[in-house]
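Take a look at the structure below.
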Amino acid sequence: MQVLLAIIGYMNLNDIYMSEGYEGLKTLAKMAKTNPQYLRQCATEWNGKHPSPKLAAVLVVLDSRLTFADIYRSLTEEVVSSLGERVE
């Protein structure tokens with residue numbers, strides 16, 4: 001499944017973490033000049049952590065597999081879900 005996600009370009013930080021492990025995040029963190037442990041927290045959404053929009057933009061530029069929408073996929077799903085609950 002991870003291979004398919006990579007082929008169609010639909011990945012977020014957790015997908016990279018699951019397919020490449022912590023080493024993949026460490027490599028990306030080094031290029032982005034950020035802490036790899038923080039990036040892992042964002043990848044696993046530990047305590048609701050997500051990268052800042054600025055860091056997300058840097059990550060998208062550095063890794064063509066990532067998109068801004070995919071990085072914030074779970075947040076987007078939460079917002080859409082909560083809007084649906086309000087409408088009904």
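Linking ILVMFWY side-chain heavy atoms closer than 4.5 Å, directly or via other members, places Leu28 and Phe68 in a single hydrophobic cluster.
Distance check, rounded to the nearest 0.5 Å: CG of Asn12 to NE2 of His50 gives 10.0 Å. Atoms CD1 and SG, on Ile71 and Cys42 in that order, are 9.5 Å from each other to the nearest 0.5 Å. Put simply, CG on Asn35 and CD on Gln41 are 8.0 Å apart, with the number rounded to the nearest 0.5 Å. Separation of atoms CG (Leu62) and CG (Leu55) is listed at 9.0 Å; rounding is to 0.5 Å.
Side-chain contact between Val58 and Thr34 is absent, with no heavy atoms from C-beta onward closer than 4.5 Å. Taking 4.5 Å as the limit, some side-chain heavy atom of Leu59 sits within range of a side-chain heavy atom of Leu39. For the pair Ile16/Leu66, a side-chain contact is recorded, criterion being any heavy-atom separation below 4.5 Å from C-beta on.
For Lys26, the side-chain contact (heavy atoms from CB on, under 4.5 Å) partners are Tyr22, Glu23, Pro36, not counting sequence neighbours. In terms of the ring-ring contact (aromatic ring centres under 6.0 Å, His included) criterion, Tyr38 has no residue partners (sequence neighbours excluded).
Across all non-hydrogen atoms, the minimal contact from Leu25 to Ala43 is CD1-CB, 4.0 Å.
Residues in residues 48-64 take part in these salt bridge (Lys or Arg N to Asp or Glu O under 4.0 Å) pairs, two or more places apart or across chains: Asp63-Arg65.
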> Would Asp70 and Asp15 satisfy side chain to side chain contact (heavy atoms under 4.5 Å, CB included), going step by step from the backbone distance to the final call?
Replying inline: CA-CA 10 Å; Asp70 292 338; Asp15 296 327; over 6 Å; no
